[in-house]
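Structure first, then comments.
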Amino acid sequence: MTMTRSRSWIALVLGLLLVAAACGGSDDGGGGGGGDVGGDAASGVDCPVDALEDASGPVEITFWHGMVARNEEILKTLTDEYNSSQDEVRVRLVYQGTYDDTAEKFENAVRAGEGLPQMVQLEETRLQFAIDSEAMLPAQACVDAEEYDLSDHIPAVVDQFTVEDTLWPMPFNVSNPVLYYVKPTFTAAGLDPEDPPSTFEELRAASQQLVDRNAARAGLALELSPWYVEQWFAQENQTLVDNDNGRSARAETMDLDSELGQEIYTFLDDLVADGLARSVGRNPRGVDHLLALAQGDAAMTIGSSAAIGPALAVIRSGEVDITEQDVGIAPLPSPTDDPAGGTLVGGASLYLVGEGSSDEQQAASWDYAKFLNDPETQARWSETGYIPIRQSAADLAPVPQLWETTPGYKVAYDQILSSEAEFGGPVIGAYFETREAVIKSLERMFQENQPPDEAVRTADEEAEQQMQDYNSRAG
């Protein structure tokens, strides 16, 4: 475990920064105008699913996306195959930068009333923004018009993008957080590498043993991500904001200042204060928590399942001489040993843009979205690290082979499939501002020694002010 490599690894790490950053949980949200949480656009909308039958030639549509590196390559391959498989639709892919860049460009196009694509990929935090934009054709309208069967889709995935019984986008690339850990370091500390911690209590105990046995300088490398706080609330089947996590009415209050919120903050604060966890801060490059494992500074970290490929490469790139099989991937540890909920869906989805699109283009977008949701397509898409959203896709190549070679890829799928959370993730208009309030509260707790009870209270106050401001603008 102490053997080091003499080779240079900086170039490899830098080459993976963009990929890892693009795969993680999102930190942003959006604004816009509209009515109640679901808006008026969800009712009385028809989806012209049969319009392609009257088209005089191939219908061209533009799809704005935020996929990079290998993810973009696979998306291009799938889209080329779709275009050549039929003569009714031609899809033009346009990379728009990060998720945030894509959302910003889309919002600007909505405001300008021109230049809109026919489909846009937006992450899960943009759900309220997408509804409020009043530019979308709800996928539910197409599902209803065609009697499209969603029973094979993972229920938690469909629930994530459904508000007031309306499925707004079609799901596509989804993920959730997992625990990464270095097995040889566990062995050196006398821990069972095949039995990683599954609760807060076990996570602290493992961290203590890792430090006491000098196997690692800290047990856990922790990035300041509000996404994990949301996940821990969901694991305990508790919503983070009111009105059913913002799904039955607009979110107005946040419940971080609760018994569970204080428990989470106290646990994290004690870990860092006792030297059992190392905070890597906001982690803007998206890999600092992984580099901590690569350099032997920690033995565990939490990260997105969508970044498994880049994560394994980064962890193996450092001073610690380990193989891919030496990196364990386990479910996200929960606050208690008998969680009543489950993990939430992260990632992005496919919004059909109604504004500025002809009937033929709307039908074309729906057809392409169905293709990307086909079991065979989802099975091949799983090579990116995103989980297949169709249950039948798990039996199709290359999924079984991928899961056998790297079992960690299956962890996130099992987490989502087994989730018993009674709600989807928070639907918040001021999502970016709300998450910023959480990050700042964690920074004050770790850097300024603010007590956990004060940290959660100030986070609630700041977040609620932002939510109120957004709701006032939205009307």
Side-chain angles (χ1 to χ4, degrees), residues 22 26-48 51 55 59-68 72 75 79 89-142 161 163 166 168-170 172 250 348-366 368-369 427-434 436 466-467 469-475:
S26 55
D27 285 334
D28 207 351
D36 57 16
V37 64
D40 295 330
S43 60
V45 177
D46 294 324
C47 177
V59 177
E60 296 186 0
I61 60 172
T62 299
F63 174 30
W64 286 5
H65 70 90
M67 296 288 91
V68 297
E72 184 177 21
L75 179 62
T79 302
V89 180
R90 293 292 178 269
V91 180
R92 184 170 71 97
L93 298 177
V94 179
Y95 171 68
Q96 293 290 3
T98 66
Y99 283 150
D100 290 346
D101 293 336
T102 304
E104 182 178 355
K105 291 175 182 178
F106 183 79
E107 183 173 4
N108 290 337
V110 170
R111 289 175 175 172
E114 59 182 7
L116 286 165
Q118 285 70 54
M119 180 184 290
V120 60
Q121 180 188 36
L122 299 174
E123 59 188 337
E124 89 279 6
T125 60
R126 299 286 183 169
L127 182 53
Q128 187 65 64
F129 154 72
I131 295 171
D132 289 341
S133 74
E134 300 184 351
M136 306 304 187
L137 169 67
Q140 188 68 53
C142 302
F161 301 106
V163 176
T166 296
W168 280 90
M170 284 293 281
F172 179 46
R250 287 188 181 275
S349 52
L350 311 171
Y351 284 88
L352 314 179
V353 181
E355 183 174 336
S357 299
S358 66
D359 286 356
E360 290 82 3
Q361 288 175 321
Q362 291 177 34
S365 296
W366 169 242
Y368 177 57
V427 179
I428 308 171
Y431 217 129
F432 173 82
E433 296 83 357
T434 299
E436 181 66 16
Q466 295 293 340
M467 285 189 279
D469 291 345
Y470 177 95
N471 293 341
S472 296
R473 295 193 304 269

Parallel, tilted or perpendicular: rings of F129 and F106 (30°, 60°): perpendicular
Non-hydrogen side-chain atoms of [X] and [Y] separated by less than 4.5 Å:
| X | Y | result |
| --- | --- | --- |
| L352 | C142 | yes |
| L350 | W366 | no |
| I61 | Q361 | yes |
| L137 | C47 | yes |
| Q466 | I428 | no |
| F161 | M170 | no |
| F63 | L75 | yes |

How long is the straight-line distance from [atom2] of [Y] back to [atom1] of [X], given to the nearest 0.5 Å?
| X | Y | atom1 | atom2 | answer |
| --- | --- | --- | --- | --- |
| Y431 | E123 | OH | CD | 9.5 Å |
| Q96 | W64 | CD | CH2 | 5.0 Å |
| T62 | Q118 | OG1 | CD | 5.0 Å |
| H65 | Y95 | NE2 | OH | 8.0 Å |

Using every non-hydrogen atom in the two residues, find where G66 and Q121 come nearest and quote the distance to one decimal. N-OE1, 2.8 Å
Residues D100, R126: salt bridge by 4.0 Å N-O rule: yes
When you check the gap from the basic side-chain N to the acidic O, do D132 and R473 get nearer than 4.0 Å? no
Just checking, any donor-acceptor pair under 3.5 angstrom between side chains of D469 and S472? no
Examine distances only and state if a side-chain atom of Q362 and a backbone atom of S357 form a donor-acceptor pair shorter than 3.5 Å. yes
Do N108 side-chain atoms and K105 backbone N/O form a donor-acceptor pair below 3.5 Å? no
